[in-house]
2 protein chains.
Amino acid sequence: MSSTDLLPIGEVAKTSGISVSAVRYYEEIGVISSATRVGGKRRFDPATIGRVSFIRRAQEAGFSLEEIGTILDDETGIWRVLVDDKLIELTERKDRLETMISMLAEIRECGCGAVAACPLVTTS
Amino acid sequence: MSSTDLLPIGEVAKTSGISVSAVRYYEEIGVISSATRVGGKRRFDPATIGRVSFIRRAQEAGFSLEEIGTILDDETGIWRVLVDDKLIELTERKDRLETMISMLAEIRECGCGAVAACPLVTTS
DNA sequence: CTACGACCTCAAGCCAACTTGAGGTCAAGG
DNA sequence: CCTTGACCTCAAGTTGGCTTGAGGTCGTAG
């Protein structure tokens, strides 16, 4: 493992599609591990890329950075419980999303001039 | 329509399950219509209840209050376009959610000690 | 009389997740 | 030699969606 495979912050940012400041922020709050410094500058383990990608997808799914940190770094196996809980939550969310989608589709087709006046809205 | 069927703020809050301050906030930003005042106190149209319920579900689905306001009050029919866009977005979100759900389920079962070390995370 | 509860206004505070700004180091290039 | 660009730190600002606090008005009940 020569130091040449360690990435500068700009590289991490670019390849994972987030800003440099966001990478620094992630490091600061500990959701990615603290980079080694070479002449004061951060050098990241390439695995950071995968980790950031996981973080983004988890955020997409509605996890907070704190939850993500907990899940990623847990050594005790408790994370499985957290994930179970989250799976339930996500499934419920998915269901509500589906309900909303079909409701919107219905409203879309109902011929109302304005949504505010639609009986599907006022009587729910 | 006697003034007796107009609701005080506490009633709106209680029956729609949100706080009094949230109702005031909604009125302030215009996402529910400004209540008439009787002796300085707000009296709301009962339809507000349905509207608030729609607002909450829309928020659940990921709409911002600004978007909700736009959709609710549009008179021009443009809201159908907005809803179309949102339907696409929601569907994409639902798909990502499903992906995340199965990924988490997979990680849950993969026998790793820690998520951070799971190849499903590091190689994505 | 006074205390209570429901209401009012206006300003400020809070949280997450970042971004922005000021001010500085360092190496490479024209 | 001077500029440019990538990096650094630390503090403060931003946005959305509310909540909280201070200070005040009513009307009813004890």
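As the structure is a prediction and not an experimental result, all values here were calculated from the model. Note on naming: letters A, B, ... go to the chains in the order of the sequence lines (proteins, then strands), and numbering restarts at 1 for each one.
Close to dT19(D), at under 4.0 Å from its OP1 or OP2, lies a side-chain N or O of Ser19(B). For dA16(C), the OP1/OP2 oxygens have no side-chain nitrogen or oxygen of Ser64(A) closer than 4.0 Å. Close to dC18(C), at under 4.0 Å from its OP1 or OP2, lies a side-chain N or O of Tyr26(A). Distances shown here put every side-chain N or O of Arg43(A) at or beyond 4.0 Å from the OP1 or OP2 atom of dC8(D). Taking side-chain N and O atoms only, Arg56(B) has a distance below 4.0 Å to OP1 or OP2 of dC18(D). For Arg42(A), a side-chain nitrogen or oxygen approaches OP1 or OP2 of dC8(D) to under 4.0 Å.
Each of Ala22(A) and Val20(B) has a nearest nucleotide on DNA chain C; the 5'-most of these lies closest to Val20(B). Remark on DNA chain D: of its neighbouring residues Phe63(B) and Lys41(B), the 5'-side contact belongs to Phe63(B), judged by nearest-heavy-atom nucleotide.
Atom CD1 of Ile32(A) and atom C1' of dC18(C) are 14 Å apart (whole Å). In this structure, CD of Glu67(A) is placed 14 Å from C1' of dC15(C), rounded to the nearest angstrom. Rounded to an integer number of Å, the gap from Leu65(B) CG to dT19(D) P is 11 Å. Whole-Å rounding puts the Glu27(A) CD to dA17(C) P distance at 17 Å. We find that CD of Glu28(B) is positioned 12 Å from P of dC18(D), with the value rounded to whole Å. dG17(D) atom C1' lies 13 Å from atom CD1 of Ile55(B), rounded to whole Å. Atom CD1 of Ile9(A) and atom P of dT9(D) are 9 Å apart (whole Å). Between Ile68(B) atom CD1 and dC18(D) atom C1' there is a gap of 14 Å when expressed in whole angstrom units.
A salt bridge is defined here as a Lys NZ or Arg NE, NH1 or NH2 lying under 4.0 Å from an Asp or Glu carboxylate O, and Arg51(B) with Glu27(B) fails to meet this definition. The pair Arg108(A)-Asp85(B) does not count as a salt bridge, with every side-chain nitrogen at least 4.0 angstrom from each carboxylate oxygen. Contact check on Lys41(B) versus Glu11(B) returns no salt bridge, with no Lys/Arg side-chain nitrogen under 4.0 Å from an Asp/Glu carboxylate oxygen.
The shortest heavy-atom contact between Leu6(A) and Pro46(A) is CD2-CD, 4.4 Å.
For Tyr25(B), whose side chain is taken as the heavy atoms from C-beta onward, the closest listed nucleotide among dC8(C), dC18(D), dT9(D) is dC18(D). In the set dT9(C), dC8(D), dA17(C), dT9(C) carries the atom at the smallest distance from any side-chain atom of Arg24(B). Considering only the side chain of Gln59(B), dC18(D) comes nearest among dC18(D), dA6(C), dT19(D). Closest contact between the side chain of Glu66(A) and the listed nucleotides dA16(C), dT19(D), dG17(D) involves dA16(C).
As judged by a 4.0 angstrom heavy-atom cut-off over every strand, Ile29(A) is placed among residues making no nucleic acid contact.
Side-chain contact check for Ile55(A) versus Val31(A): some heavy-atom pair is nearer than 4.5 Å.
The structure places CZ of Arg42(A) at 7.5 Å from OG of Ser34(A), a figure rounded to the nearest 0.5 Å.
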